[in-house]
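Residue numbers start at 1 and run along the sequence shown.
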Amino acid sequence: AVIKDNSKEILDKIAPILKDSNHHIRVEGHTDNVPIHTREFPSNWELSTARAVNVVRYFIEVHGINPKKISAAGYGEYRPVVPNDTDKNRALNRRVDIIILKSSLEMQEPN
């Protein structure tokens with residue numbers, strides 16, 4: 001769930017685009033299908049959600065992205081991009097997706 005330095009470099013490159021966007025952003029965390037059961041992560045649900053939350057916090061704390069426009073979701077192992085049949089494929093399924101949603105902040109009613 002810890003963001004790797006090479007991943008931070010990628011996040012740093014896309015952060016200005018996300019910050020300037022007038023759309024909602026959803027960060028989605030994913031895992032492979034290998035069960036996890038640790039004190040910190042009782043299941044893949046917690047691990048995938050932690051991955052997404054850590055990216056959201058990075059964007060907010062490091063890049064000043066408005067917290068009202070960004071959210072986190074965890075999908076565990078249930079949305080793989082490839083079959084979990086090899087180590088290489090399992091590594092591809094351990095990921096975070098950043099989704100720019102169609103809904104605009106302008107459509108949101110003020111609080």
For [X] and [Y], which heavy atoms make the closest approach, and how far apart are they?
X: Ala52; Y: Ala73; value: CB-O, 3.4 Å
X: Ala72; Y: Val56; value: CB-CG2, 3.8 Å
X: Ala50; Y: Ala1; value: CB-CB, 3.8 Å

For [Y], does its backbone N or O pair with a side-chain atom of [X] as donor and acceptor, under 3.5 Å?
X: Asp32; Y: Arg94; result: no
X: His24; Y: Leu101; result: no
X: Ser21; Y: Ile17; result: no
X: Asn89; Y: Val82; result: no
X: Lys69; Y: Leu18; result: yes
X: Thr31; Y: Glu77; result: yes
X: Arg90; Y: Asn84; result: yes
X: Asn93; Y: Asn33; result: no

Would [X] end up clustered with [Y] when hydrophobic side chains under 4.5 Å apart are linked, directly or stepwise?
X: Ile60; Y: Val55; result: yes
X: Ile3; Y: Ile70; result: yes
X: Val96; Y: Val62; result: yes

Working to the nearest 0.5 Å, report the span between [atom1] of [X] and [atom2] of [Y].
X: Ile36; Y: Thr38; atom1: CD1; atom2: OG1; answer: 4.5 Å
X: Asp12; Y: Asp5; atom1: CG; atom2: CG; answer: 10.0 Å
X: Leu11; Y: Ile65; atom1: CG; atom2: CD1; answer: 9.0 Å

Hey, could you give me each pair passing ring pair (Phe, Tyr, Trp, His ring centres under 6.0 Å) that has a residue in residues 58-78? Not counting sequence neighbours.
His30-Tyr75, Trp45-Tyr78, Tyr58-His63

Indicate whether the side chain of Glu46 and that of Ser43 have a donor and an acceptor atom separated by less than 3.5 Å.
yes

Answer yes or no: are there more than 12 heavy-atom neighbours, outside Arg95 itself, under 6.0 Å from its atom CZ?
yes

Which residues satisfy the salt bridge (Lys or Arg N to Asp or Glu O under 4.0 Å) test with Arg26, sequence neighbours excluded?
Glu28

